Number of protein chains: 2
Amino acid sequence: MTVRRMDVARLAGTSPAVVSYVLNGGPRPVSAQTRARVLAAVEQLGYRPNGIARSLRMSRTMTLGLVIPDNANPFFAELARAIEEESFAQGYTLLIGNAAENDERQTAYVRTFLARQVDGLFIVPAHGPAGFLGELDRARTPWICLDRQVPGAAAPGVLVDNRGGAYTATRHLLDHGRRRIACIGGPEDVMPATDRVSGWRDALDEEGISRRAMSVTHSSFGRRGGYGAARELLAGPQRPDAIFVASDEQAVGVLRAIAEARLRCPDDVAVASFDGIPGAAYTTPALTTMAQPFAALGRAAVAHLLAQPAGPTDVLPVALVKRGSCGCPDPPGGDLTGEGAPA
Amino acid sequence: MTVRRMDVARLAGTSPAVVSYVLNGGPRPVSAQTRARVLAAVEQLGYRPNGIARSLRMSRTMTLGLVIPDNANPFFAELARAIEEESFAQGYTLLIGNAAENDERQTAYVRTFLARQVDGLFIVPAHGPAGFLGELDRARTPWICLDRQVPGAAAPGVLVDNRGGAYTATRHLLDHGRRRIACIGGPEDVMPATDRVSGWRDALDEEGISRRAMSVTHSSFGRRGGYGAARELLAGPQRPDAIFVASDEQAVGVLRAIAEARLRCPDDVAVASFDGIPGAAYTTPALTTMAQPFAALGRAAVAHLLAQPAGPTDVLPVALVKRGSCGCPDPPGGDLTGEGAPA
DNA sequence: TTGTAAGCGTTATCAT
DNA sequence: ATGATAACGCTTACAA
């Protein structure tokens with residue numbers, strides 16, 4: 001059908017194996033003369049090795065899989081980007097599956113990725129049931145969790161310091177003199193969000209602020225969730241003078257709600273959030289946020305997955321990025337952080 | 001090594017071929033009894049067919065490849081999302097390669113995707129040289145261009161009505177009574193941007209506005225490019241009362257520049273842009289934009305790629321979405337358009 | 001209705 | 001240094 005390795009061998013007047021040795025640089029030496037003839041034949045015929053056949057033979061595909069809950073969410077998109085970057089650097093192609101917050105799709109992706117014999121699997125478990133675990137337990141494929149841990153399984157993962165980061169952000173709001181600091185968290189039981197709520201609480205506890213004065217609102221992730229939660233919060237009896245928001249994406253909605261309520265940020269209500277997505281640098285005012293180390297996360301994730309045997313769960317630090325929403329001076333033109341490349 | 005089809009056959013007391021017939025529902029019928037035994041054996045052994053071997057045999061991988069110039073750009077991210085969605089619906093897995101605006105990476109991705117025997121390839125050609133063409137000409141793999149056309153090759157593609165859309169947006173600005181409508185385009189020679197500049201010019205021509213009064217600034221795509229271009233424009237001698245911006249992403253930067261110049265949008269300077277990315281609904285004010293039909297683009301792209309023989313280039317319409325930046329009432333809480341799902 | 005066997009294109013292990 | 005040949009795991013045509 002297409003041009004096969006044997007065709008090249010024939011044209012070069014040698015055997016198929018030698019063609020492989022030339023193309024793969026081993027494992028056996030080839031005389032310079034034959035090598036030249038082979039290369040010429042490859043060029044002439046436009047021969048391209050069939051990676052599928054190679055994978056079958058080698059039982060390695062040089063492919064990794066990543067399943068994320070929702071690629072419309074900039075945080076996951078950025079995480080995927082970082083992992084793709086590092087995978088590419090390591091010679092792997094990355095398969096990305098978008099579960100769209102749907103356990104069936106999540107499981108379907110794990111299944112097809114496994115069927116495609118990926119060499120490893122990254123999973124950011126969607127909120128809710130984890131049917132994919134059933135697919136994984138029989139398989140020999142290594143896999144790790146990212147961003148969150150899945151309740152049942154004891155798979156290692158790569159996480160960030162959610163609690164400590166939230167503490168730092170809230171502490172910074174306190175340092176700006178804010179005292180009535182509300183919290184807009186994620187859905188009730190989603191892991192990174194609950195840890196962030198804990199960090200916020202730690203900071204207020206330390207300051208001796210009574211728990212009764214601590215307002216926590218649970219909202220879905222996403223701009224809309226943040227918008228809705230903030231609307232209620234701002235219309236309530238005890239208007240906060242600051243809000244710690246569990247994600248940048250929600251914070252974008254919060255900013256919008258503040259503007260619609262004819263309040264000013266940061267003057268009336270200061271805001272600090274979490275994630276450090278690129279878009280956080282270009283809101284008005286720009287968002288003060290705990291930036292996740294995306295590039296480092298990508299490197300850690302790939303290294304962790306490929307490591308044999310797998311090490312314990314990695315916890316990476318997050319960094320406070322001060323911009324206008326907390327009351328710090330708003331850097332002009334957004335800052336360089338997270339600037340998208342031209343296109 | 002792992003559990004093979006033959007192991008299942010042995011346990012079920014039948015032949016390997018029958019196992020295939022059961023699992024693939026054909027091509028030959030299997031008695032209900034044997035079918036049950038096979039299924040039980042599959043379940044008991046946790047057998048999962050090896051997709052690589054299957055692909056090799058079938059010379060079909062049920063995989064499509066997509067190469068985009070820059071996945072940090074929300075427009076391409078959204079396009080990728082739409083294509084992934086439709087590919088998944090059609091039973092295909094999508095391989096996404098991020099060229100990072102680098103022709104070498106672009107070519108590398110085309111090469112590896114071809115080596116992996118993808119059944120088809122979508123390419124959004126990066127600005128600049130197109131080394132990937134060399135990889136493609138020998139290959140039998142079908143491929144199409146998206147968003148832009150590549151100068152050399154005569155590959156069909158799926159595009160949108162850039163010129164007409166830009167005309168509509170500019171016309172809308174004129175209808176708001178604006179007359180000094182500047183244009184912030186993309187890099188000099190990038191196709192969709194030049195067409196959009198043409199559409200803007202069409203509208204002003206029609207209105208009888210002299211070409212000398214038409215200010216066009218070329219900037220890189222991305223927020224930073226838009227920000228920089230707008231800064232200069234607003235500091236210039238003849239401040240425009242409206243700006244047509246070639247992409248939403250640039251428009252975000254433009255909005256920021258307007259705010260920093262202590263001007264108000266839309267009162268002092270109205271803005272309309274192009275693409276309809278989700279983020280455009282959550283700026284302050286929200287962006288009036290020509291929305292690309294992402295879902296339809298995804299469907300058209302997949303259908304086009306899989307169609308044999310390939311049809312002519314598709315051109316899809318774009319739709320004016322009126323929000324606050326042009327002077328129309330700003331819908332509260334952003335509108336539903338492009339709302340990210342929770343995560 | 002079921003068993004057998006020939007490939008798919010590669011790599012690696014034999015001999016030579 | 002090189003030429004045959006046996007897998008890798010699957011699908012399907014053909015024989016029984």
Side-chain angles (χ1 to χ4, degrees), chain A residues 1-39 41-42 45-63 112 114-119 139-141, chain B residues 1-38 41-42 45-63 112 114-119 138-141:
Chain A
M1 182 193 259
T2 37
V3 34
R4 294 181 314 288
R5 194 190 48 146
M6 186 197 279
D7 304 319
V8 175
R10 218 184 309 270
L11 179 61
T14 179
S15 76
V18 173
V19 176
S20 287
Y21 300 152
V22 171
L23 261 40
N24 305 338
R28 288 205 323 217
V30 177
S31 74
Q33 196 178 1
T34 344
R35 140 178 264 96
R37 282 209 315 279
V38 167
L39 257 20
V42 164
L45 298 174
Y47 168 69
R48 292 287 176 266
N50 181 323
I52 295 294
R54 178 172 227 268
S55 292
L56 179 60
R57 179 58 230 239
M58 308 279 276
S59 41
R60 278 190 86 191
T61 56
M62 295 307 280
T63 301
T112 59
L114 250 23
R116 279 156 204 279
Q117 312 292 115
V118 294
D119 295 334
R140 265 180 245 297
T141 310
Chain B
M1 184 193 258
T2 37
V3 35
R4 293 180 315 287
R5 193 190 49 148
M6 184 196 280
D7 304 320
V8 176
R10 218 184 311 269
L11 179 60
T14 179
S15 75
V18 174
V19 176
S20 286
Y21 299 150
V22 170
L23 261 40
N24 304 338
R28 288 206 322 218
V30 177
S31 74
Q33 197 177 0
T34 342
R35 142 177 262 95
R37 282 210 314 279
V38 168
V42 165
L45 297 175
Y47 168 69
R48 292 287 177 267
N50 181 323
I52 295 293
R54 177 173 227 267
S55 293
L56 179 60
R57 179 57 229 245
M58 309 279 277
S59 40
R60 279 189 85 192
T61 55
M62 294 307 282
T63 302
T112 58
L114 252 23
R116 278 157 205 278
Q117 312 292 116
V118 294
D119 296 334
R138 304 297 262 281
R140 265 180 245 297
T141 311

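Below, read A as the first sequence line, B as the second, and so on, with proteins coming before strands; counting in each chain starts at 1. Since we're looking at a predicted model, the values are computed, not measured.
- The shortest non-hydrogen separation linking A:Val118 to A:Thr141 is O-CG2, 3.5 Å.
- Applying the salt bridge (charged side-chain N to carboxylate O under 4.0 Å, His left out) criterion to B:Arg48, with sequence neighbours excluded, gives A:Glu135.
- Here the closest heavy-atom approach between residue A:Ile52 and residue B:Leu56 is recorded as CG2-N, 3.7 Å.
- B:Arg116 places its CZ atom 23 Å from the P atom of C:dC8, with the value rounded to the nearest Å.
- Between B:Arg116 and the options A:Thr63, A:Asn50, A:Thr61, a side-chain hydrogen bond (donor to acceptor under 3.5 Å, both in side chains) holds for only A:Thr63.
- Between B:Tyr47 and the phosphate of D:dC10, there is a side-chain N or O to OP1/OP2 separation shorter than 4.0 Å.
- Under 3.5 Å, the side chain of A:Arg57 and the base of C:dA12 form no donor-acceptor pair of N or O atoms.
- In this structure, B:Met58 atom CE and D:dC8 atom P are separated by 22 Å, rounded to whole Å.
- Atom pair A:Ile52:CD1 and D:dC8:P shows a separation of 18 Å (rounding to whole Å applied).
- Note: CZ (B:Arg48) to P (D:dC10) measures 12 Å, nearest angstrom.
- The CZ-P distance, from B:Arg54 to D:dC10, rounds to 10 Å in whole Å.
- Rounded to whole Å, the distance from CZ on A:Arg60 to P on D:dA7 is 23 Å.
- At C:dG3, one or more side-chain N or O atoms of B:Thr14 fall inside 4.0 Å of OP1 or OP2 (strictly under the cut-off).
- For B:Tyr21, counting side-chain heavy atoms from C-beta on, the closest listed nucleotide (D:dT12, C:dT10, D:dG9) is D:dT12.
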